[in-house]
Amino acid sequence: MTEYQPPGDPPRGPSGEPSGSASPGSGAVYDAVVLAGGAARRLGGADKPGVRVGGRALLDRVLTACADARTTVVVADPRRTARPVTWAREEPPGGGPLAALDAGLRHTTADLVVLLSADLPFLDRRTVAALLTPLGGGTADGVLLTDSDGRDQPLVAAYRAASLRRELTALTGRHGALTGLPLRRLTGALDLTRISGPVASFDCDTWDDIATARARIREHGHVLDEWISAVKDELGIDLDVDTGALLDLARDAAHGVARPAAPLTTFLVGYAAARAGGDREAVAEATRKAVALALRWADEDAPSADAPSPSPSASADAPSASTDSPSTDTRSAGTTPDAAPEARPDAG
């Protein structure tokens with residue numbers, strides 16, 4: 001496991017991406033290789049890539065982070081995934097990370113390759129972009145994350161494909177095969193740039209790690225982003241929306257109309273946006289119209305500034321019901337409309 005960075009550490013993005021990370025979509029063309037065929041001995045042999053964190057399998061969370069890859073290769077036995085991938089397997093199965101990397105690399109064609117393990121619950125697209133960006137210039141063979149202790153995490157990294165192939169060929173020549181060789185035999189021969197990423201590099205090796213990850217995504221500062229990502233994955237949509245604007249709309253509908261109006265209104269906004277093309281601009285326009293309507297609705301409950309107020313003189317001149325209709329007096333028994341003169345305090 002990579003040590004988890006608890007709340008209170010230096011400010012980072014919503015998913016804990018490294019400081020100075022690029023925005024999603026750095027423009028780099030890359031392929032991704034995800035190693036998902038380990039034995040998970042510290043999890044008692046459980047199907048680690050299929051273990052769910054925040055309602056999503058760990059493998060699917062990693063696949064979302066590298067969704068911009070031109071080709072994504074998963075080195076493991078095929079399984080159902082949130083998006084299409086290419087499957088590969090090292091020979092023999094369980095031959096170690098170098099053998100798995102070699103098997104996956106054979107299915108890639110891009111100059112840059114992002115290499116990931118399948119147990120990274122907090123990896124996101126910003127982190128992937130941050131790994132790729134330095135390779136746009138300079139001569140480094142790769143860029144990898146380091147954890148909070150400064151340790152290299154070579155399975156959260158971006159590499160030049162040519163550098164990987166060169167070193168894999170050299171290792172095969174020296175050892176006859178890659179089976180059983182540790183990954184450091186490869187990375188030790190590469191010129192690497194390092195980026196600190198304590199949260200994004202957090203991996204799940206034990207059930208305690210799984211529990212930590214599940215608890216973190218339910219923290220107040222993360223739960224909405226995590227939930228929205230999970231829903232988008234479940235529904236098969238990839239849309240960047242203004243969460244704050246939608247929450248404001250739900251608030252206006254709940255307060256200005258009625259509480260049940262909030263979910264119904266946001267549903268209708270989504271439906272209208274889909275009919276209008278379904279992009280970010282369509283969502284924004286439908287949200288703007290609904291917010292304006294909710295505010296107009298609420299305004300009608302407030303006293304109108306131009307409504308005529310009752311005339312004071314008219315109120316003063318209005319006859320009293322008790323004066324004109326003494327027989328309808330409803331005061332309780334035992335009281336009298338007027339005391340007799342001799343009973344008054346000022347009577348002489």
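No donor-acceptor contact under 3.5 angstrom links the side chains of D209 and T212, judged on distance only. For S117 and D119, the side-chain atoms include at least one donor-acceptor pair closer than 3.5 Å. Residues R83 and T72 have side chains that bring a donor and an acceptor to within less than 3.5 angstrom of each other.
Atom-to-atom distance recorded for L115:CG and C66:SG is 10.5 Å, nearest 0.5 angstrom.
Side-chain contact check for V74 versus R79: every heavy-atom pair is 4.5 Å or farther apart. Inter-residue side-chain proximity for R166 and L190 is flagged as met; some heavy-atom pair is nearer than 4.5 Å. The shortest distance between side-chain heavy atoms of V128 and D124 does not fall below 4.5 Å. By the 4.5 Å heavy-atom criterion applied to side chains, R194 and V143 are not counted as neighbours. Within the 4.5 Å cutoff, the side chain of K289 has heavy atoms near those of the E285 side chain. Two residues are said to be in side-chain contact when any heavy atoms from C-beta on lie closer than 4.5 Å; I210 and L58 meet this criterion. In this structure, the side chains of D31 and H107 stay at 4.5 Å or more apart for every pair of heavy atoms. The side-chain heavy atoms of R288 and V291, taken from C-beta on, include no pair separated by under 4.5 Å.
With hydrophobic clusters built from ILVMFWY side chains whose heavy atoms lie under 4.5 angstrom apart, L164 does not share a cluster with V34. Residues V33 and L144 fall within the same hydrophobic cluster, defined by Ile, Leu, Val, Met, Phe, Trp and Tyr side chains chained together at heavy-atom separations under 4.5 Å. Put simply, L135 and L116 are part of the same group of oily side chains (I, L, V, M, F, W, Y) that touch within less than 4.5 Å, one to the next. Follow the hydrophobic side-chain contacts under 4.5 Å out from V62 and you reach L132 in the same cluster. Residue L186 is grouped with residue V113 when hydrophobic side chains (ILVMFWY) are merged at heavy-atom distances under 4.5 angstrom, including chains of intermediate members.
Between the D242 side chain and the G244 main chain, a donor and an acceptor come within less than 3.5 Å of each other. In this structure, E90 contributes its side chain and G94 its backbone to a donor-acceptor pair below 3.5 Å. Judged purely by atom type and a 3.5 angstrom limit, D152 has no side-chain atom pairing as donor or acceptor with the backbone of T146. With hydrogens and angles ignored, the 3.5 Å screen pairs a side-chain donor or acceptor of T64 with a backbone N or O of D60. Looking at K48, its side chain does come within 3.5 Å of a backbone N or O of C204 through a donor-acceptor pair. Side-chain N or O atoms of D147 include one that pairs as donor or acceptor with a backbone N or O of D149 at under 3.5 Å.
Cation-pi geometry between R70 and Y30 is not met: the NZ or CZ atom fails to fall both under 6.0 Å from the ring centre and inside 45° of the normal.
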Going through the checks in order, is the side chain to side chain contact (heavy atoms under 4.5 Å, CB included) test met by E226 and R61? CA-CA 10 Å; E226 289 287 349; R61 296 177 72 90; 2.6 Å; yes
Determine, stepwise, if the pair L183 / L155 fulfils side chain to side chain contact (heavy atoms under 4.5 Å, CB included). CA-CA 9 Å; L183 196 56; L155 294 182; 3.5 Å; yes
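In plain terms, the two heavy atoms of T187 and L192 that are nearest each other are O-CD1, 3.9 Å. In terms of heavy-atom proximity, I195 sits nearest to A130 at CD1-O, 3.4 Å. When every heavy atom of R216 is checked against every heavy atom of F122, the shortest pair comes out as CD-CZ, 3.3 Å. The shortest heavy-atom contact between V29 and L112 is O-CB, 3.9 Å. Looking at every heavy atom in both residues, I217 comes nearest to R214 through CG1-O, 3.4 Å. Heavy atoms only, all atoms of each residue included: A282 and A273 are closest at CB-O, 3.6 Å.
A 6.0 Å sphere centred on CZ of R280 holds more than 12 heavy atoms belonging to other residues, nucleotides or ligands. Heavy atoms of other residues, nucleotides or ligands lying less than 6.0 angstrom from CG of D111 number 12 at most.
With sequence neighbours left out, T266 forms a side chain to side chain contact (heavy atoms under 4.5 Å, CB included) with L249, A250.
Applying the side-chain hydrogen bond (donor to acceptor under 3.5 Å, both in side chains) test to pairs two or more places apart or on separate chains, those with a residue in residues 156-165 are T108-R165, D141-S163.
Hydrophobic cluster membership of L268, counting Ile, Leu, Val, Met, Phe, Trp and Tyr whose side-chain heavy atoms lie under 4.5 Å apart directly or via other members: F267.
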